[in-house]
Amino acid sequence: MAELKLTDITKYFNPDTPVISNLDLTVNDGEFLVLVGPSGCGKSTILRMLAGLEEPTSGQLYIGSQMVNNVQPKDRNIAMVFQNYALYPHMSVYDNLAFSLKLRKMPASKIQQRVASVTEILELEEYLKRRPKELSGGQRQRVALGRAMVRQPKVFLFDEPLSNLDAKLRVQMRSEIKRLHQRLKTTMIYVTHDQTEAMTMGDRIVILKDGMIQQVGTPLEVYHNPANLFVGSFIGSPAMNLIEGKLTEAGFVSDVLDIPFPDWIKLDEHVGQSVVFGIRPEHIVIGDGIWEMDLVLCEPLGNETILHLEKGEEKLIARVTELNNVEIGRKIKISFRLERAHLFLKESGIRIS
Amino acid sequence: MPSKIAIHIVLIIIALLTLAPFLWMVGASFMATGEAGTYPPHFIPRSPTLDHYSGLFTGLQLGRYLLNSIIVSLSITGISLLVNSMAGYAFAKFSFPGRNRLFRLLISTMIIPGQVTMMPLFLMLNRLGLVNTYWGIIIPGMASIFGIFLFRQYVMSIPDSLIEAARIDGASDWRIYCTIILPLCKPILVTLAIFTFMGAWNDFLWPLIIMTRDSMYTLPVALANLMGEHTQDTEMMMAGAVLTILPVLVVFLALQKYYIKGIMLGSVKE
């Protein structure tokens, strides 16, 4: 187990644009940290730099107390699980699992012991003689996990390991990896573009955009208190409703909706500025209120219902648990739970309330 | 259905036409002296004899030429597979300054006809004292641009993550090449082996230039000499030709399965 530290890391692939700029991040010992962001945000590059597959242009990487900038991947005591499994196609499951141990010249009896204990945890015993192509997607991913586990590394790195699996298997493997973490208590860094995976798996989440950290926090922290407009809109499904407008002394004004603020909201220094009003779907109250919108679409999910509301150009999505008398095209009265709403500056995206 | 039958008939006729000279060669090699020239030509010898085969080995040192050919062809095949695969792997998976430019330069040299390089190559090898030695044939065949190209294209289809996984697992570059790249490249290795072996075995011009001593001749050169000396002895020439073709045929048939796999590569999504 080990703490990981990235200090002032910058990475350029071409001289004009940095993929990662001045990144500082500490991963606690035994933590499950998720790096999440849209494609091209640099999350995989961070992982690859930690693995030693890419070199940072500047800055320092620490695993435990050792600076590893110039340490070979094999000497970093890390293991990585790849998106496409990266199993050796010409080797049996056993050989795939034993490969790294053989390279370390471990005695055969010990290799057998290690492989056996891992295959037991991952329920792979009956597949040991098969080649990867004879396995299903889920089994392959388990072999990839096993290959990382036999090494008993200090740090596990996961590069979008579930994105090649179908939806059901993904949910299953998600909880398996999480359970594995609880069992091994090893530091794990997990890269994904799927915010649901990030929310459900991470002890902490790092949200990245354009090679820069937008926010670091627990899943609930980033959900309820997004640092900026990007985090607010990226985390949560369905996404946060965003309405552009202006801040006046009375409250928020947009082309379609005017939202007067109660006295406890104090934003005097921002009056006159262009802002974005953000409210999550579950914080829209249906049934009474001063605003009226058209119900254009209704998506019942069983335990909840997603409502699509429109008024002029403005579109909102609301999430309700109980709903009676749904009629498409009907006008619905709504109100906002303002204590849960957010205001972001339009220019910088920074949250002001 | 009738059109299918017609196509098959045409194909069978073409196959027989292609096969006929080969069958006649085998038949004639077993005929008595002078029989192959009789009219009408026939395929099956009237009284089969092995005289010409034994004559080749006793009177003409064919055993020696066969050995020369085997040494040279196997060496070229073995060494060139090693060199081409390593170079192809490097061009496909290592990033080093000038990689693409160097590769383009290599490819562009393919337009230079081999004959143009023969004279300077001979002078060079002569100065190195390699005329009339096996190395004189082996060294120029140790690497081929076509082989490097073929190997590079194949290795490019192997995902980088496989190599990265091996690197994290603790494998050195040499180990990755031996335990990951080479086993995965079996089809292309076999294809290249067949191409190279056939090329080296059948090569006539270069061994003719570099080997001036009779005992260093390879089979095709010896066979050409046979034609000069025994113009009338068709049966003996045919026996020589059969012996020359036989190893190539055996290699091809033995590796055919992989060879076709190699040619088909990439055409079907697995």
Side-chain angles (χ1 to χ4, degrees), chain A residues 13 44 47-55 68 71-92 95-106 131-134 140 143-151 153-161 164, chain B residues 81 85 88-90 92-101 151 153-193 255 257-259 261-262 264-270:
Chain A
F13 282 119
S44 284
L47 204 71
R48 291 171 61 80
M49 285 194 288
L50 283 170
L53 300 171
E54 302 283 354
E55 264 181 57
V68 293
V71 176
Q72 289 288 315
K74 68 184 167 85
D75 300 323
R76 292 191 181 194
N77 208 355
I78 42 112
M80 187 157 164
V81 179
F82 292 83
Q83 182 179 355
N84 60 358
Y85 324 125
L87 300 177
Y88 311 122
H90 57 298
M91 294 185 196
S92 66
D95 288 334
N96 263 285
L97 294 174
F99 185 66
S100 62
L101 304 180
K102 282 182 191 163
L103 288 175
R104 283 173 172 69
K105 303 212 162 43
M106 196 178 268
R131 295 269 176 94
K133 67 174 176 200
E134 295 164 300
R140 283 181 209 181
V143 177
L145 265 178
R147 191 172 60 180
M149 283 162 65
V150 285
R151 301 242 322 265
K154 277 191 198 165
V155 182
F156 280 94
L157 306 173
F158 295 92
D159 191 5
E160 307 210 21
N164 279 4
Chain B
L81 279 188
S85 61
Y89 171 42
K93 294 294 181 193
F94 285 77
S95 55
F96 51 89
R99 178 182 73 167
N100 293 337
R101 210 170 297 157
F151 208 85
Q153 297 309 103
Y154 191 80
V155 176
M156 278 169 81
S157 69
I158 296 175
D160 287 345
S161 58
L162 221 56
I163 295 164
E164 288 166 353
R167 195 156 286 156
I168 292 175
D169 270 347
S172 61
D173 282 327
W174 175 248
R175 183 59 85 106
I176 292 171
Y177 166 75
C178 293
T179 53
I180 310 287
I181 300 295
L182 283 186
L184 290 179
C185 289
K186 209 152 78 183
I188 202 73
L189 280 174
V190 172
T191 308
L192 260 179
L255 302 178
K257 194 174 77 184
Y258 303 100
Y259 172 68
K261 217 165 144 191
M264 292 289 291
L265 272 171
S267 60
V268 195
K269 190 178 178 288
E270 282 189 37

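Throughout, protein chains are lettered first and strands after them, A, B, ... in sequence-line order, and every chain is numbered starting at 1.
Residues A:Ala51 and B:Ile168 approach most closely at CB-CD1, 4.0 Å, considering heavy atoms. Residues A:Pro73 and B:Arg167 come closest through the heavy atom pair CG-CG, 4.1 Å. Taking every heavy atom of both residues into account, A:His90 and B:Pro183 meet most closely at CD2-CB, 3.4 Å.
Distance check: A:Leu53 CG to B:Asp160 CG gives 10.0 Å after rounding to the nearest 0.5 Å. The CG atom of A:Leu103 sits 9.0 Å away from atom CD1 of B:Ile176, with the distance rounded to the nearest 0.5 Å.
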Verdict with supporting geometry, A:Lys102 and B:Asp169, side chain to side chain contact (heavy atoms under 4.5 Å, CB included): CA-CA 10 Å; A:Lys102 282 182 191 163; B:Asp169 270 347; over 6 Å; no
Verdict with supporting geometry, B:Glu164 and A:Arg48, side chain to side chain contact (heavy atoms under 4.5 Å, CB included): CA-CA 10 Å; B:Glu164 288 166 353; A:Arg48 291 171 61 80; 2.6 Å; yes
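Comparing A:Ile78, A:Val81, A:Asn84 by how many heavy-atom pairs each has under 4.5 Å with chain B, the most go to A:Asn84. Interface check for chain B: of the options A:Met91, A:Gln83, A:Gln72, A:Arg147, the most heavy-atom pairs under 4.5 Å are formed by A:Arg147.
Residues B:Thr179 and A:Tyr88 have side chains not in contact (no heavy-atom distance under 4.5 Å, counting atoms from C-beta outward).
At a 4.5 Å heavy-atom cutoff, the contact between A:Phe82 and chain B is made by side-chain atoms alone. Neither the backbone nor the side chain of A:Leu101 comes within less than 4.5 Å of any heavy atom in chain B. Neither the backbone nor the side chain of A:Ala148 has a heavy atom closer than 4.5 Å to any heavy atom of chain B.
Within 6.0 Å of CD in A:Glu134 there are more than 12 heavy atoms belonging to other residues, nucleotides or ligands.
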